[in-house]
Amino acid sequence: MAIEEKIAAAKRINELLNNIVRLGGFRVKYRIAVDPPVSEGAEWGASGILVGFFRPDSSLLVARGGELLHALELVIVEAVSDMLEEHERISFDALGLRQARTDELVMSARVAAEKVLKTGAPYAFAPMNSRERRVVHLALHDEPELRTESEGEGPARHLVVYPKNYKGK
């Protein structure tokens, strides 16, 4: 996607968030970054648009596992989806929640890899969304003795780590 299109989408996101923040009475500030560097939270080098929230009410956004933050993200993604390519990423973060979750998933992927290599048995993660499954897939991508697969449907979709030559299931 051309940078001009991403900038146009970022401007639309700003308009929408400005209204949501103002009408919702939230005391938050936010920063929108187009194609942010990896160090600013883009997951595994994924380019796109990152919206970072800060200030007093940021804790409301991350309460209960970030439900409100994820809900805002879903609303905004749906509102601007016609402006973006299919796999373009829009990510919301507050108080480092997304980066902390990414770090946790990478650590869990490494632990799962060790278990699978040690036991030779597959390891199934609990259900997770597509973005989280992607993080685990990428974390184990360079493990020559392992393979990962997403299995299940809908909210039960999860990731399984297999030994490379596993013949079961």
Side-chain angles (χ1 to χ4, degrees), residues 1-113 125-142 148 150 154-159 161:
M1 164 178 273
I3 190 70
E4 294 81 15
E5 293 169 317
K6 288 182 186 178
I7 291 171
K11 287 180 180 179
R12 180 69 180 134
I13 290 168
N14 184 52
E15 292 171 10
L16 294 166
L17 282 176
N18 192 23
N19 285 329
I20 291 170
V21 167
R22 183 177 46 81
L23 295 172
F26 294 106
R27 295 176 305 140
V28 295
K29 300 284 184 190
Y30 57 88
R31 187 181 89 187
I32 301 173
V34 175
D35 289 340
V38 173
S39 63
E40 289 191 37
E43 294 167 8
W44 295 90
S47 63
I49 299 171
L50 174 67
V51 181
F53 291 89
F54 52 96
R55 294 288 160 105
D57 284 348
S58 294
S59 59
L60 291 175
L61 296 174
V62 299
R64 297 179 53 152
E67 285 181 355
L68 182 54
L69 184 69
H70 296 300
L72 278 174
E73 183 178 312
L74 287 171
V75 167
I76 296 300
V77 167
E78 187 63 32
V80 300
S81 63
D82 61 329
M83 299 177 76
L84 300 171
E85 290 180 6
E86 183 179 351
H87 296 290
E88 197 66 44
R89 298 198 177 282
I90 298 175
S91 297
F92 280 33
D93 198 5
L95 303 176
L97 178 72
R98 182 160 322 264
Q99 188 60 51
R101 179 64 177 152
T102 298
D103 293 346
E104 177 185 9
L105 288 167
V106 169
M107 188 182 314
S108 295
R110 290 184 182 138
V111 169
F125 282 88
M128 58 180 78
N129 65 42
S130 62
R131 192 171 280 181
E132 291 180 340
R133 289 193 313 274
R134 180 178 186 271
V135 169
V136 176
H137 280 299
L138 290 172
L140 299 177
H141 181 265
D142 294 329
T148 59
S150 290
R157 193 137 173 94
H158 61 283
L159 187 132
V161 181

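Every value quoted in this text rests on a predicted model; they were computed, and no experiment measured them.
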Looking only at atom types and distance, does a side-chain atom of Arg98 sit under 3.5 Å from a main-chain N or O of Phe92, one as donor and one as acceptor? yes
So, for Ala109 and Val136, which heavy atoms are closest and what is the spacing to 0.1 Å? CB-CG1, 3.9 Å
Pairs under 3.5 angstrom only: tabulate donor-acceptor contacts from the side chains of residues 14-26 to other protein residues two or more places apart or in another chain.
from	atom 1	to	atom 2	distance (Å)
Asn14	OD1	Tyr30	OH	2.7
Glu15	OE1	Arg12	NH1	3.1
Asn19	OD1	Arg22	NH2	2.8
Asn19	ND2	Glu15	O	3.4

What are the two closest non-hydrogen atoms of Arg131 and Ser91, and how far apart are they? NH1-OG, 3.3 Å
Mind checking the OG1-NE2 spacing from Thr148 to His141? Nearest 0.5 Å is all I need. 8.5 Å
Write down the atom of Ala156, the atom of His158, and the distance for their closest heavy-atom approach. O-ND1, 3.0 Å
For the pair Arg133 (side chain) and Met128 (backbone), establish whether a donor and an acceptor sit closer than 3.5 Å, ignoring hydrogens and angles. yes
Any Ser130 side-chain heavy atom under 4.5 Å of Arg157 side chain: no
To the nearest 0.5 Å, atom CG of Asp35 lies from atom CD1 of Ile7 at 9.0 Å
Within this structure, what is the CG-OG distance for the pair Asp93 and Ser58, rounded to the nearest 0.5 Å? 10.0 Å
What distance separates Ser81 OG from Ile76 CD1, expressed to the nearest 0.5 Å? 11.5 Å
Below 3.5 Å, can you tabulate the donor-acceptor pairs from side chains in residues 61-70 to any protein atom, sequence neighbours excluded?
from	atom 1	to	atom 2	distance (Å)
Arg64	NE	Glu67	OE1	3.3

Heavy-atom closest pair (Lys6 atom, Ile49 atom, distance to 0.1 Å) is O-CD1, 3.7 Å
Hits for salt bridge (Lys or Arg N to Asp or Glu O under 4.0 Å) against Arg101, two or more places apart or cross-chain, chain-then-number order -> Glu104, Glu132
If we check side chain to side chain contact (heavy atoms under 4.5 Å, CB included) with Leu105, which of these qualifies: Leu159, Val135, Leu138? Val135
